[in-house]
Visitor: 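This is the structure, below, for whatever I ask next.
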Amino acid sequence: MKEIAQILREKGLKVTPQRIAVYNMLCNTKEHPDAETIYKTLEPTNPTMSLATVYKTLDFFKQLGLVQELNVGEGRSRYDADVDWHPHTVCTCCGQVGDLHLEALKNVSQKLAPELDFEVEMEQLILYGKCSECRKK
Ligand code: ZN
Ligand code: MN
């Protein structure tokens, strides 16, 4: 995988420690954190970075298509550095957001197209339920 600094440089965009920190943090987590969580995680190592900068940086990466925004109905956005289309699971008990990389779910709207009197422009699939940890309780 390419280094984020290299990707930004090739696009002629400024490489800042904040941009690198935010992107790398998102690449190294499967938690789908929101801006506040990203901010709190990076605060100890990036004490001068503000929450506003985190929001601006996330928006910057979103515009570049390097990060996707995910809204599962919590009134705030979560972020994912995995920009390939994939469905998500949301635990209604603990709030955990997970990835579903299932071949059968890919291009669902395309597969259903003959039966749909609807032209799909955007596709998002979220399954709500209980995660394995919460089912044990
Ligand atoms: Zn759970
Ligand atoms: Mn994901």
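One-based numbering, in listed order, for ligands and for the atoms of each.
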Visitor: Could you tell me whether Glu103 and Lys106 have a side-chain N and a carboxylate O separated by less than 4.0 Å?
Guide: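 The answer is yes: the pair qualifies as a salt bridge.
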Visitor: Less than 4.0 angstrom from a charged side-chain N to a carboxylate O is my criterion; do Arg78 and Glu74 meet it?
Guide: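 Yes.
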Visitor: Round to 10° and report the angle made at the Mn ion (ligand 2) by NE2 of His88 and OD2 of Asp80.
Guide: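 About 100° at the Mn ion (ligand 2).
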Visitor: Which distance, rounded to the nearest 0.5 Å, do you find between the OH of Tyr79 and the CG of Leu58?
Guide: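 Here the interatomic distance stands at 5.0 Å.
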Visitor: May I ask you to check whether over 12 heavy atoms, not counting those of Lys111, lie within 6.0 Å of atom NZ?
Guide: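 Atom NZ in Lys111 is crowded, with more than 12 foreign heavy atoms closer than 6.0 Å.
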Visitor: For atom CD of Gln110, decide whether the heavy atoms of other residues, nucleotides or ligands shown that lie under 6.0 angstrom number more than 12.
Guide: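 Check fails, neighbour count at 12 or below.
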Visitor: At the Mn ion (ligand 2), what is the angle formed between atom NE2 of His32 and atom NE2 of His86, rounded to the nearest 10°?
Guide: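 It rounds to 170°.
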Visitor: Could you confirm whether Asp82 has any N/O/S atom lying under 2.8 Å from the Mn ion (ligand 2)?
Guide: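 For Asp82, the answer is no, given that no N, O or S atom comes within less than 2.8 Å of the Mn ion (ligand 2).
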Visitor: To the nearest 10 degrees, how large is the angle at the Zn ion (ligand 1) between Cys131 SG and Cys94 SG?
Guide: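 An angle of 110° at the metal.
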Visitor: Specify whether an N/O/S atom of Cys134 falls short of 2.8 Å from the Zn ion (ligand 1).
Guide: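 Of the N, O and S atoms in Cys134, at least one lies under 2.8 Å from the Zn ion (ligand 1), which means yes.
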Visitor: What is the name of the N/O/S atom in Asp99 that sits closest to the Mn ion (ligand 2)?
Guide: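 The Mn ion (ligand 2) is closest to the Asp99 atom OD1, counting only N, O or S.
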